[in-house]
Amino acid sequence: EDVMQEASLRVLEGVDMPAALVEVAYLTNPTQDKLAGSDSFKDTVAQAIFDGIMMFRATHSEPRTQ
C-alpha cells in the first residue's frame with residue numbers, strides 16, 4: 001500500500017529546495033526488520049524513490065535560463 005502524507009517536519013524546516021523524509025520500515029518490528037535486510041527489498045525501495053524523484057522533476061521542473 002502506497003501512503004503519502006504531507007506534514008510540517010522539523011528535520012526539513014529551513015530547507016530551501018524540494019525535500020522529503022522517507023521511512024521504509026520499522027526496525028522495531030521483527031518482520032519489517034528482516035525484510036529491510038534483504039537485497040530485493042532495498043532494490044525495490046531504491047527504485048521506488050528514484051521513480052518518485054523523476055516523476056516530481058517531470059511535473060515540477062522550471063525551464064532553465066542561461
Side-chain angles (χ1 to χ4, degrees):
E1 175 183 335
D2 294 337
V3 177
M4 185 177 94
Q5 297 177 347
E6 292 184 27
S8 177
L9 300 170
R10 175 174 232 103
V11 69
L12 299 178
E13 285 181 10
V15 176
D16 191 25
M17 65 186 76
L21 174 65
V22 180
E23 296 179 335
V24 296
Y26 292 102
L27 301 181
T28 55
N29 177 308
T31 303
Q32 291 183 19
D33 183 36
K34 184 176 180 181
L35 183 64
S38 76
D39 288 341
S40 63
F41 178 81
K42 291 184 267 190
D43 289 345
T44 300
V45 169
Q47 186 65 53
I49 293 169
F50 174 80
D51 292 345
I53 291 168
M54 296 308 289
M55 193 180 322
F56 177 87
R57 288 186 64 192
T59 58
H60 292 83
S61 291
E62 296 179 13
R64 292 184 179 185
T65 57
Q66 294 185 0

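One-based numbering along the sequence shown.
Counting Ile, Leu, Val, Met, Phe, Trp and Tyr side chains that sit under 4.5 Å apart, directly or through other members, Phe56 stands alone, with no cluster partners.
For the salt bridge (Lys or Arg N to Asp or Glu O under 4.0 Å) test, residues two or more places apart in sequence or in another chain that qualify with Asp39 are Lys42. Among residues two or more places apart in sequence or in another chain, the side-chain hydrogen bond (donor to acceptor under 3.5 Å, both in side chains) test is passed with Asp16 by none. Residues satisfying the side chain to side chain contact (heavy atoms under 4.5 Å, CB included) criterion with Ala19, sequence neighbours excluded, are Leu12, Val15. Applying the side chain to side chain contact (heavy atoms under 4.5 Å, CB included) rule to Leu27 yields the partners Asp33, Ala36; only residues at least two apart in sequence or on another chain are considered. Judged as a side-chain hydrogen bond (donor to acceptor under 3.5 Å, both in side chains), and not counting sequence neighbours, the contacts of Gln47 are Asp51.
Residue Ile53 holds its CD1 atom at 11.0 Å from CE of Met55, rounded to the nearest 0.5 Å.
Among residue pairs with one or both ends in residues 14-53, none qualify as ring-ring contact (aromatic ring centres under 6.0 Å, His included); sequence neighbours excluded.
Note on Ile49 and Val11: separate hydrophobic clusters, where clusters join Ile, Leu, Val, Met, Phe, Trp and Tyr whose side-chain heavy atoms are under 4.5 Å apart, directly or indirectly.
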